[in-house]
There are 2 protein chains.
Amino acid sequence: MQTVSIAEVAQRAGVSTATVSRALSGRGHVSAAAKDAVLRAAHDLGYVVSSNASSLASGRTRNVGVVLPFLDRWYFTSVLEGAQQALMRAGYDVTLYNVSGGPELRDRVFEEFLLRQRVDAVIAVSLELTPHEVSRLLALGKPLVGVGGPIPDVRTLAIDDVAVAHLATEHLIGLGHTRIGHLGGRPEFDSDFHLPVQRRQGYEAALAEAGIPLDPDLVANADFTVQGGYHAAKQLLGAHPRSRPTAIFAASDEMGMGAILAARDLGLSVPHDVSVAGIDDHDQADFFGLTTVAQFPREQGARAVDILLEQLEPQHDHAVAADIPLPFALVVRSSTARPRD
Amino acid sequence: MQTVSIAEVAQRAGVSTATVSRALSGRGHVSAAAKDAVLRAAHDLGYVVSSNASSLASGRTRNVGVVLPFLDRWYFTSVLEGAQQALMRAGYDVTLYNVSGGPELRDRVFEEFLLRQRVDAVIAVSLELTPHEVSRLLALGKPLVGVGGPIPDVRTLAIDDVAVAHLATEHLIGLGHTRIGHLGGRPEFDSDFHLPVQRRQGYEAALAEAGIPLDPDLVANADFTVQGGYHAAKQLLGAHPRSRPTAIFAASDEMGMGAILAARDLGLSVPHDVSVAGIDDHDQADFFGLTTVAQFPREQGARAVDILLEQLEPQHDHAVAADIPLPFALVVRSSTARPRD
DNA sequence: TTGAAAGCGCTAACAA
DNA sequence: TTGTTAGCGCTTTCAA
């Protein structure tokens, strides 16, 4: 296929290449007539700018890198999808750096791929980064925003995990539960990634406020998956009927779904014998009737893009309500109810 | 951050920029000594090639576009992950074009984004393309390979869906089942996308070979999701105990999981009262004990990359067993057993 | 095996 | 508002 160059457009429109560039990019002043002629010529010829030539000359790539640790979990792909759509709408491509392919590939992302001048900015999703990786990222000298995970020295978008967990637990307390179990994240998860700890703190705080003593036997840890939640919940629910929890607060919907399945397999009815609440509002939460605190990962991705675009294209003033805290909302479904007694 | 240019490397290594370029890219002959000096200098300086300058000069971008219709389904993200890792290993970036953001964004992918000279090749995953879109893709004049869906005039990697369905059904027949239900794809799914039809054909062929008459009442259609499979399976399993199927072959694991959940909710035991088999070997299939025919989407993605690299870098002869049919394998778990009688 | 030099296609001063 | 022109940083002839 032959590629149409800017010179051909210029010739057909009867103007210089500079005017074509200006008309097409919107930077600099162009008369209405010239702009019209250029747009028509470009359209007729099927001209599309060469991103490489443009990037090389301008230093702008119109491409954003998204770095993330998994591609097979709902939260991550949802953030990615939200970011991708927002970027596309703004005319940006997104280059994907999935960092799960082992240490050598991970290193190359930070030492090579991100340095090739291919991106204008980077979005890092729930990444547990080493200090060295953070410094590499910062050394890029490009706008950088984190989503979901706390990255030292990097602006990060994340819900208030303590408040979210507090809200879910409060809901269960409000229904009259006093023996409330918790499915949390495993300790090894906590090191860089404070989410499990914070969600547990919210849980504990809500109990404390209600004057309910914390019972360590009612807490089990898993890995945020359905399967992990299933097995951990079986531990909690397998106890004496008198001592087992009447409600479970899971730190993720996937674990919550696992808890619902575990309850069924133990012959317990949800919500009659045990209520279950989660966090996320996962795609399948509705199907499971799972009460949850929704966070909105697609919006989080889009919000991250807003913040970046604000820095990349200050003139467009993208009315970013950047520092409004991220929203979350209790969604009550059929998995929670008053305790039986 | 200051960017190190090829000229600085050349100077430090005491050679010309041309030699640096040759030494680093591996094209053209360079003496061992020169190569050594260049590598050392590049390393010391932390030099990373500017992909834009390189692309502009050479016409190669070292970037592949992956176009896909969903980001929230296991199959697609698995293919993406497999492709991404293989590409990274070869030093390629991947730019993501998710085509689910509505018609305007979809159009822009084909009319603008893909034409910006940013990619060397394109992988299209299970895309139902209009003839016009196909022609746009072909007009790129770049290597192009489809995965999972049949694209007219485009080389496509896909398992033999008829054979896969045949295998799963045969497994159920071999266990002694004769009343075998099928959860298939809805007709509207079929128009461009022959997968549901082919899987149904495999099912019907296996029945026919075994001399089992086809019973239309045992076939229900859904949308390939857990929820859809759940509802469709309830229809099948809600029938008179005498007339309900003793086994269900679902055209996807997600529908198979839905069927397992539906059976439980109806008080039926799996596999005692009803066996369930699926297709995919979804991440959660093991957790559900779901017997399935595995396809290997990560490998499919990697295989697509092999084919592309073979075209992009013929010299590297990537020993691609390109035309070996894609593998699949029956994985027997606890959801299938002999019928009760 | 090496270096000089001419682009790759576009953008952004600068001058008009 | 427009055109001229000098690069952007690299690759790749071509000649040595």
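Per chain, numbering begins at 1; letters A, B, ... match sequence-line order. Bear in mind the structure is a predicted one, so any value in this text is a computation, not a measurement.
Following rounding to the nearest Å, A/H29 (NE2) and D/dG3 (P) show an atom-to-atom distance of 16 Å. Rounded to an integer number of Å, the gap from B/E8 CD to D/dC10 C1' is 14 Å. One atom, CZ of A/R62, and another, C1' of C/dT11, lie 14 Å apart when rounded to the nearest Å. Note: CZ (A/R118) to C1' (D/dC8) measures 16 Å, nearest angstrom. Put simply, CZ on B/R27 is 17 Å from P on C/dT1, counting in whole angstrom units. For the pair A/K35 NZ and D/dT2 P, the interatomic distance rounds to 12 Å; values are reported in whole Å. C/dT2 atom C1' lies 18 Å from atom CD of B/Q11, rounded to whole Å. The separation between B/R116 atom CZ and C/dC10 atom P is 13 Å, rounded to whole Å.
Under the 3.5 Å distance criterion, the side-chain polar atoms of A/E133 are matched with a main-chain donor or acceptor of A/T130. Formation of a donor-acceptor pair under 3.5 Å by the B/T156 side chain with backbone atoms of B/V154 is found in this model.
Residue B/R60 places at least one side-chain N or O under 4.0 Å from the OP1 or OP2 atom of D/dT12. For D/dC10, the OP1/OP2 oxygens have no side-chain nitrogen or oxygen of B/S21 closer than 4.0 Å.
Taking the side-chain contact (heavy atoms from CB on, under 4.5 Å) definition, one finds that A/L56 meets it with B/N52, B/A53, B/L56, sequence neighbours left out. Here B/E112 pairs with B/R108 under the salt bridge (charged side-chain N to carboxylate O under 4.0 Å, His left out) rule; sequence neighbours left out. Applying the salt bridge (charged side-chain N to carboxylate O under 4.0 Å, His left out) test to B/D283 and every residue at least two apart in sequence or in another chain returns nothing. Applying the salt bridge (charged side-chain N to carboxylate O under 4.0 Å, His left out) test to B/E8 and every residue at least two apart in sequence or in another chain returns nothing. Scored by the side-chain contact (heavy atoms from CB on, under 4.5 Å) test, A/A121 finds A/V64, A/P143, A/L308, A/L312 as partners (sequence neighbours excluded). Shown here are the salt bridge (charged side-chain N to carboxylate O under 4.0 Å, His left out) partners of A/D36, two or more places apart in sequence or in another chain: A/R40.
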Extract from the structure each pairing of a protein N or O with an N or O of nucleotides 14-16 of chain D at less than 3.5 Å, listing the distance.
none

Review item, nucleotides 5-9 of chain C N/O atoms under 3.5 Å of protein N/O:
{"from": "C/dC8", "atom 1": "O2", "to": "B/A57", "atom 2": "N", "distance (Å)": "3.2"}
{"from": "C/dG9", "atom 1": "N2", "to": "A/A53", "atom 2": "O", "distance (Å)": "3.2"}

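Counting only residues at least two apart or on different chains, no ring pair (Phe, Tyr, Trp, His ring centres under 6.0 Å) pair has a member in residues 82-130 of chain A. Residue pairs meeting the ring pair (Phe, Tyr, Trp, His ring centres under 6.0 Å) criterion with at least one member in residues 31-74 of chain A, sequence neighbours excluded, are A/F70-A/F76, A/W74-A/H282.
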Please report, to 0.1 Å, the donor-acceptor pairs under 3.5 Å made by any side chain of residues 13-23 of chain A, with sequence neighbours excluded.
{"from": "A/S16", "atom 1": "OG", "to": "A/A18", "atom 2": "N", "distance (Å)": "3.4"}
{"from": "A/S16", "atom 1": "OG", "to": "A/T19", "atom 2": "N", "distance (Å)": "3.3"}
{"from": "A/S16", "atom 1": "OG", "to": "A/T19", "atom 2": "OG1", "distance (Å)": "3.4"}

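Axis angle, first five pairs versus last five pairs of the helix from C/dT1-D/dA16 to C/dA16-D/dT1: 30°, rounded to 10°.
Within the 4.0 angstrom heavy-atom criterion, only backbone atoms of the sugar-phosphate kind lie near B/V15; the bases stay farther away.
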